[in-house]
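Down below is the structure, laid out as structure tokens.
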Amino acid sequence: MSIEVKGVTKKFGDFNALGGVNLDIHTGELVALLGPSGSGKTTLLRIIAGLETPDSGSVIFHGNDATDQPTQDRQVGFVFQHYALFRHMTVAENIAFGLRVRPRKLRPNNTEIKNRVTNLLQLVQLEGLAERYPSELSGGQRQRVALARALAVEPKVLLLDEPFGALDARVRQELRRRLRKLHDELGVTTVFVTHDQEEALEVSDRVVVLNKGHIEQIGTPDEVYLEPKNAFVLNFLGNVNRFRGRADHGQVRIGDLTLDAPEHAALVDAPVSGFVRPHDIDITRHHNGDSASLIPATVTFIASLGPFVRVELERENGEPLDALLTRERYEELSLQSGEPVFIRARRLRVFADDVKPGGEDYSI
Amino acid sequence: MSFTASHKLAPTRRRKPVRPPGFGLTLGVTLAYLSAGVILPLTAVAAMASRDGAGKFLAMLGDERVLAAFKLSFGAALGAAIVDTFFGLIVAWVLVRYSFPLKRVVDAFVDLPFALPTAVAGITLTTICAPDGWVGRYFEPLGIKLAFAPVGIVIALIFTGLPFVVRTVQPILEDLDGEIEEAASSLGASRWETFRRVIFPTLVPALLTGFALCFARTVGEYGSVVFISGNLPNETEIVPLLIISKLEQFDYPAAAALAVVMLVVSFALLLAINALQVWTARRGGGR
């Protein structure tokens, strides 16, 4: 089932949780709502579920306006961040809940319910735990019970609020993959909220990046990562180094570097920032007369991260920089702390400060 | 060298588990308090009751008037506790779930039976429930007597016991995770189904506690009951009143015997409710 969100706004007191959000989610898609806390991502999810009413705008399920439809009629499966399992019910009773509360005409009989519960327990690989109480389960198991319970009612839409937030790293990784597989098997339209960019990029078909109640960008994981529309998206989707500079009539100056920036032609002596991801920085010892594209810096600290090595540097003006080298490259260079080097940015993106649109790739 | 040295240190002694300091003193105070305040008087009462021998003890209990008083005392307390559990839940629900003008005042009023001298409550209730009182006059034509009848006793006990239920259920309701209800409604449950299957079961232990407290408090209630009951032997005479009248006749062993029976039955009932509570709590499985 497709979901359309049209011009949805929501205020909590003076706080603008959502300021006019438009979003189309296609049937069978797996979409991540990504943003920092307070960005409105959970509010948006809860509005889609009907747990929150928008101040204005509408939510449309498969062409039908559902804005005023109560949650229990929307046929959405909702998985809460802290699972919200019913503590006084066993795992099986929890999963069967949605079937048991159906009006008598639509309620499956006991054998059918039992079969459904057994199938769902198999699906989330919790066979044998049917008679346990939630308090007797681990965090990951509870999460899977919550998922099975939401799926039991055969929802048209599956909504998950920070589904892996409360789990430790290893379990989280496993459950992420499982969610992706499950989605591919069932094909149910799925929306999940996360503040973890890695999770969003790994699991989803499309990522919706939210900030301060607005959508900053919608796109596939590659689109938002490789072609961020603005400095916020770029920043939020991973570590980045920032170089402050100025743009003037299509020319951008960062330190001693000057480069062409035709799309910033309209700017006259305006502050801009260049952004480079740590893995897009290369380090060399010699400038080979190519000083126009190199920035001098000093190595201040070296941290080994297994397959990668993070090198912390300091520019001549005192600004810190991070570079992420492969172990191979690092060993080739055999860098020492305190050593003066040159850095080259393989991929630099320039955004005007405080102005959102624009931004292109540069190589220097 | 170092090997031999460490070898000599080797006999690993099992360490004594360390108790937080102050155990001896605090336990001493607790036991002294329990002995002086609870065990000693109870033993004295039991001793007093058995002074004239078991035969007299049993004969006294078989007395028709005594039996009627016991039935009335426990019956009225049970009835009041049941009514209070039901209405206490509603009051707690309103106080937790809704906001309305003067909510704080209403909240404070719940505690009134705690603070009000029971005699005041008794006189007030008697006045309004009497055949010509504000409330009693509407029941009089129907042939229902409120004051000076068992119903009046139950009314007085309901008044006394209500805050016990409200104040035990209220914090549990406040702590109830809102997500649980949202989860139920997202699974298609109506408000009523959500209450019946999700909210109510989590409140059961608190309701039982409230019920037990209410019962324990009202079964011995004296002040508010003596006025409204009319104190007719065999009809509206409660056990505490019977004890008083035995004392007035200087029949101390009989008074003590009544007290002991009351004590034992109350204790047994509380124990049973406690066991039930533990059982429901365990089913809930904690957090």
Side-chain angles (χ1 to χ4, degrees), chain A residues 42 45-46 48-52 69-91 93-104 106-107 131-137 142 145-155 157-162, chain B residues 85 89 92-93 96-100 103 168-212 273-287:
Chain A
T42 296
L45 192 79
R46 289 172 59 86
I48 294 173
L51 296 171
E52 215 81 66
Q69 208 176 23
T71 305
Q72 60 256 41
D73 299 336
R74 288 198 188 190
Q75 291 185 281
V76 294
F78 202 102
V79 176
F80 291 84
Q81 185 178 0
H82 301 290
Y83 322 130
L85 296 178
F86 307 130
R87 282 189 283 135
H88 59 286
M89 297 183 198
T90 62
V91 168
E93 285 165 350
N94 262 284
I95 296 173
F97 182 86
L99 302 171
R100 294 229 183 266
V101 297
R102 281 191 184 169
R104 189 156 298 156
L106 302 171
R107 197 187 309 159
E131 298 312 314
R132 296 271 189 96
Y133 284 96
S135 58
E136 299 166 321
L137 302 179
R142 284 182 209 182
V145 174
L147 189 61
R149 182 179 69 177
L151 289 173
V153 293
E154 294 180 329
V157 178
L158 184 61
L159 306 170
L160 305 99
D161 185 11
E162 298 268 4
Chain B
T85 305
L89 172 60
W93 183 269
V96 172
R97 287 305 170 108
Y98 310 104
S99 59
F100 50 90
K103 176 171 159 174
T168 24
V169 175
Q170 210 173 356
I172 307 296
L173 256 181
E174 271 163 5
D175 281 354
L176 211 65
D177 185 5
E179 283 192 352
I180 300 271
E181 285 163 65
E182 291 180 347
S185 70
S186 79
L187 291 165
S190 62
R191 289 298 301 157
W192 166 244
E193 286 281 352
T194 305
F195 178 80
R196 190 171 78 87
R197 290 172 184 266
V198 176
I199 302 173
F200 186 72
T202 52
L203 292 180
V204 166
L207 283 169
L208 281 175
T209 310
F211 178 87
I273 291 168
N274 253 320
L276 191 65
Q277 204 184 315
V278 167
W279 179 72
T280 46
R282 189 168 300 152
R283 265 194 83 220
R287 286 259 158 201

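Just so it is clear: chains get the letters A, B, ... in the order the sequence lines come, proteins before strands, and each one is counted from 1.
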Given heavy-atom pairs under 4.5 angstrom as the criterion, report whether the side chain, backbone, both or neither of A/Arg46 touches chain B. side chain
Structural part of A/Phe78 lying under 4.5 Å from a heavy atom of chain B: both
With a 4.5 angstrom heavy-atom cut-off, could you sort out which part of A/Leu85 is near chain B: side chain, backbone, both or neither? backbone
Name of the residue among B/Glu182, B/Glu179, B/Glu181 meeting side chain to side chain contact (heavy atoms under 4.5 Å, CB included) with A/Leu51: B/Glu182
Minimal heavy-atom distance between A/Val101 and B/Leu187, with the atoms involved, is CG2-O, 3.9 Å
Identify the heavy atoms of B/Ser190 and A/Gln72 that sit nearest to each other, and give their distance. CA-NE2, 4.1 Å
Note, B/Thr202 side chain near A/Phe86 side chain (heavy atom, < 4.5 Å): no
Lys/Arg N to Asp/Glu carboxylate O, B/Glu193 vs A/Arg100, below 4.0 Å: no
Need one label for A/Ala152: side chain, backbone, both or neither, based on atoms under 4.5 Å from any heavy atom in chain B. neither
State, with a plain yes or no, whether a side-chain heavy atom of B/Ser186 is found less than 4.5 Å away from one of A/Val153. no
Interface moiety of B/Arg197 toward chain A, non-hydrogen atoms closer than 4.5 Å: both
For B/Ile180 and A/Phe80, run side chain to side chain contact (heavy atoms under 4.5 Å, CB included): C-alpha distance rounded to whole Å, both residues' side-chain angles, the deciding distance at 0.1 Å, then the answer. CA-CA 9 Å; B/Ile180 300 271; A/Phe80 291 84; over 6 Å; no
Which atom of B/Ala183 lies closest to which atom of A/Arg149, heavy atoms considered: CB-NH2, 3.4 Å
